[in-house]
Amino acid sequence: MAQLMFSMRFIVQWIASERARRSIVPETFWYFSLVGGAMLLAYAIYRLDPVFIMGQAMGLIIYSRNIYFIRSSHKEEAAASGEPAAHSAQ
């Protein structure tokens, strides 16, 4: 399941790029990356594999940071337009 979640990000990115006829990274790419990476990190911890753990942990930092930037951007856009942010934290 973890590998499937992680792999879905590439399928989502490919479909979005095909639709746009240019290379893009949709917001859902980062969510699939975060969930899949977290699941793979849990497996790496279970396996007690330090290399696997470090690789997945570093990825989670990057995915989380990109999601933070996306959410901040949504909030700034909403504030500029006077509307509530659609993707604000619950």
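Numbers here simply count residues along the sequence, with the first being 1. Below, each value reflects all heavy atoms present in this structure, side chains not excepted, and no hydrogens, waters or symmetry copies.
Side-chain atoms of Q13 come within 3.5 Å of backbone atoms of I24 as a donor-acceptor pair (strictly under, hydrogens ignored). Looking at S33, its side chain does come within 3.5 Å of a backbone N or O of F29 through a donor-acceptor pair.
Annotation for L48: hydrophobic cluster partners, listed by chain and number, are none (ILVMFWY side-chain heavy atoms under 4.5 Å, direct or chained). Hydrophobic cluster of I61: the remaining members, joined at side-chain heavy-atom separations below 4.5 Å, are M58, listed by chain and number.
Note that the CZ atom of R71 and the CD atom of E27 stand 7.5 Å from one another [nearest 0.5 Å]. The CD1 atom of I15 lies 7.0 Å from the CD1 atom of I11; values are rounded to the nearest 0.5 Å.
Ring planes of Y63 and W30: tilted class, angle from 30 to 60°.
In terms of the side chain to side chain contact (heavy atoms under 4.5 Å, CB included) criterion, residue partners of A38 (sequence neighbours excluded) are, by chain and number, L60. The salt bridge (Lys or Arg N to Asp or Glu O under 4.0 Å) check on R19 picks up nothing, with sequence neighbours excluded. Residues passing the side chain to side chain contact (heavy atoms under 4.5 Å, CB included) test with R47, sequence neighbours excluded: Y43, D49. Under the rule for a side chain to side chain contact (heavy atoms under 4.5 Å, CB included), the partners of I62 that lie at least two apart in sequence or sit in another chain are N66.
Considering every non-hydrogen atom in both S23 and S17, the closest pair reads CA-OG, 3.5 Å. Nearest heavy atom pair, residue A57 against residue L41, reads N-CD1, 4.2 Å. For the pair M39 and A2, the tightest heavy-atom approach, listed with the atom from each and the gap, is CB-CB, 3.4 Å.
Both M1 and V35 are members of a single hydrophobic cluster when ILVMFWY side chains are connected at heavy-atom separations under 4.5 Å. By the criterion of side-chain heavy atoms lying less than 4.5 angstrom apart, applied directly or through intervening Ile, Leu, Val, Met, Phe, Trp or Tyr residues, F32 is not grouped with I67; the two fall into different hydrophobic clusters. Both I45 and F52 sit in one connected hydrophobic cluster of ILVMFWY residues. Membership requires side-chain heavy atoms under 4.5 Å apart, directly or through other members.
Of the N and O atoms on the side chains of E76 and S72, not one donor lies less than 3.5 Å from an acceptor on the other residue.
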